[in-house]
Colleague: 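Following this message is one structure expressed as structure tokens.
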Amino acid sequence: MPTITAFESSPDRGRGQARDMRVRWALEEVGQPYDVRLVSFAAMKQPAHLALHPFGQIPTYEDGDLALFESGAIVLHIAERHAGLLPAESNARSRAIAWMFAALSTVEPPIVELTMAMLVERDKDWYAQRLPMLQDRVRVRLSELSRHLGNADWLDGAFSAADVLMVTVLRRLQTSGLLDECPGIAAYVARGEARPAFRRAFDAQLAVFNASSPPTAS
Ligand code: GTB
């Protein structure tokens, strides 16, 4: 059974925004049970974890003598080893992999830039000037993605690992207001979130947060 790592105490407070979520979701889609080892921020920078992840981050993936880092590589590995997340036909498979790269290298960077600025630059005097520029970069990608999707449910035919990555990338915009401007993309994200495998993955990471911060009686 593979073991993945996740935040012991996720700063997203159970919203499923950290990158273990995409790995959990992929594992749930293919029906592969997994163990989770929770790591603190301090432990991530210690030699034991650095031996698994050179940048001292989560998620990691261990299965037998294989250890992997980088969420995209982990999801691709899962999709290649199990049926259900990549098409069997060769060209369709290559297109799905292209969309996996698009999610991580074309769509995710401007989203991370925007959401990080919203998180850590709010009190800077340049924030008000920089924010609209960062928002517009994301709007461009959302409108391009929306044009591509049209009336389709998923990025390229059947649901694939590319949708796992793209939906988890787009979910990071939840507090930005930008998804509300783009109903087609919001509906795409909602379709992903409605999948039973997504719900199981989401509930599993939420349980970690609830265990670390039990709700207080009012
Ligand atoms: N490219 C790598 C991958 O895709 O696996 C990036 C991995 C990464 O950024 N990991 C983050 C991490 O370990 C967690 S997911 N950070 C700790 C560190 O670098 O010391 C990023 C993340 C964190 C928190 C939120 N949040 O609170 O909403 C969202 C996303």
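In each ligand, atom 1 is the first atom listed, and ligand 1 is the first ligand listed. Note that the structure is predicted; figures quoted are calculated from it, not measured.
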Colleague: Please answer whether the main-chain N or O of F202 pairs with a side-chain N or O of Q205 as donor and acceptor at a distance below 3.5 Å.
Modeller: yes
Colleague: Do you see a donor-acceptor pair shorter than 3.5 Å between the side chains of Y188 and D163?
Modeller: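 Y188 vs D163: donor-acceptor pair found between side chains.
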Colleague: Charged N to carboxylate O below 4.0 Å: is that the case for D136 and R139?
Modeller: yes
Colleague: Can you tell me the protein heavy atom closest to atom 5 (O) of ligand 1 and the distance?
Modeller: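 Of every protein heavy atom, S71 N, 2.8 Å lies nearest to atom 5 (O) of ligand 1.
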Colleague: Once you measure the plane-to-plane angle for F55 and H53, does it fall in the parallel (<30°), tilted (30-60°) or perpendicular (>60°) bin?
Modeller: perpendicular
Colleague: Is F55 close enough to touch ligand 1? Criterion: a residue heavy atom under 4.0 Å from a ligand atom.
Modeller: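 Judged by the 4.0 Å heavy-atom criterion, F55 does not count as contacting ligand 1.
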Colleague: Counting only heavy atoms, which portion of F69 has something under 4.0 Å from ligand 1: side chain, backbone, both, or neither?
Modeller: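 Neither; nothing of F69 gets under 4.0 Å from ligand 1.
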Colleague: For atom 8 (C) of ligand 1, which protein heavy atom lies nearest, and how many Å away is it?
Modeller: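 Checked against all protein heavy atoms, atom 8 (C) of ligand 1 sits closest to R19 NH1, 3.3 Å.
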Colleague: When E113 is tested against each of E108, M133, R130 for side-chain contact (heavy atoms from CB on, under 4.5 Å), which residue passes?
Modeller: R130
Colleague: Can you tell me the protein heavy atom closest to atom 11 (C) of ligand 1 and the distance?
Modeller: I58 O, 3.8 Å
Colleague: Is the closest heavy-atom distance from H53 to ligand 1 below 4.0 Å?
Modeller: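 Per 4.0 Å heavy-atom rule, H53 does not contact ligand 1.
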Colleague: Give the residue, atom name and distance (to 0.1 Å) of the protein heavy atom nearest atom 26 (N) of ligand 1.
Modeller: D12 CB, 3.5 Å
Colleague: Just which atoms of ligand 1 are under 4.0 Å from any heavy atom in F41?
Modeller: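 So the atoms of ligand 1 that pass are 17 (C).
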Colleague: Would R13 count as a contact of ligand 1 if the rule is a heavy atom under 4.0 Å away?
Modeller: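 Contact absent.
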Colleague: If we count only N and O atoms by modelled type, under 3.5 Å, do the side chains of T60 and T5 hold a donor and an acceptor together?
Modeller: yes
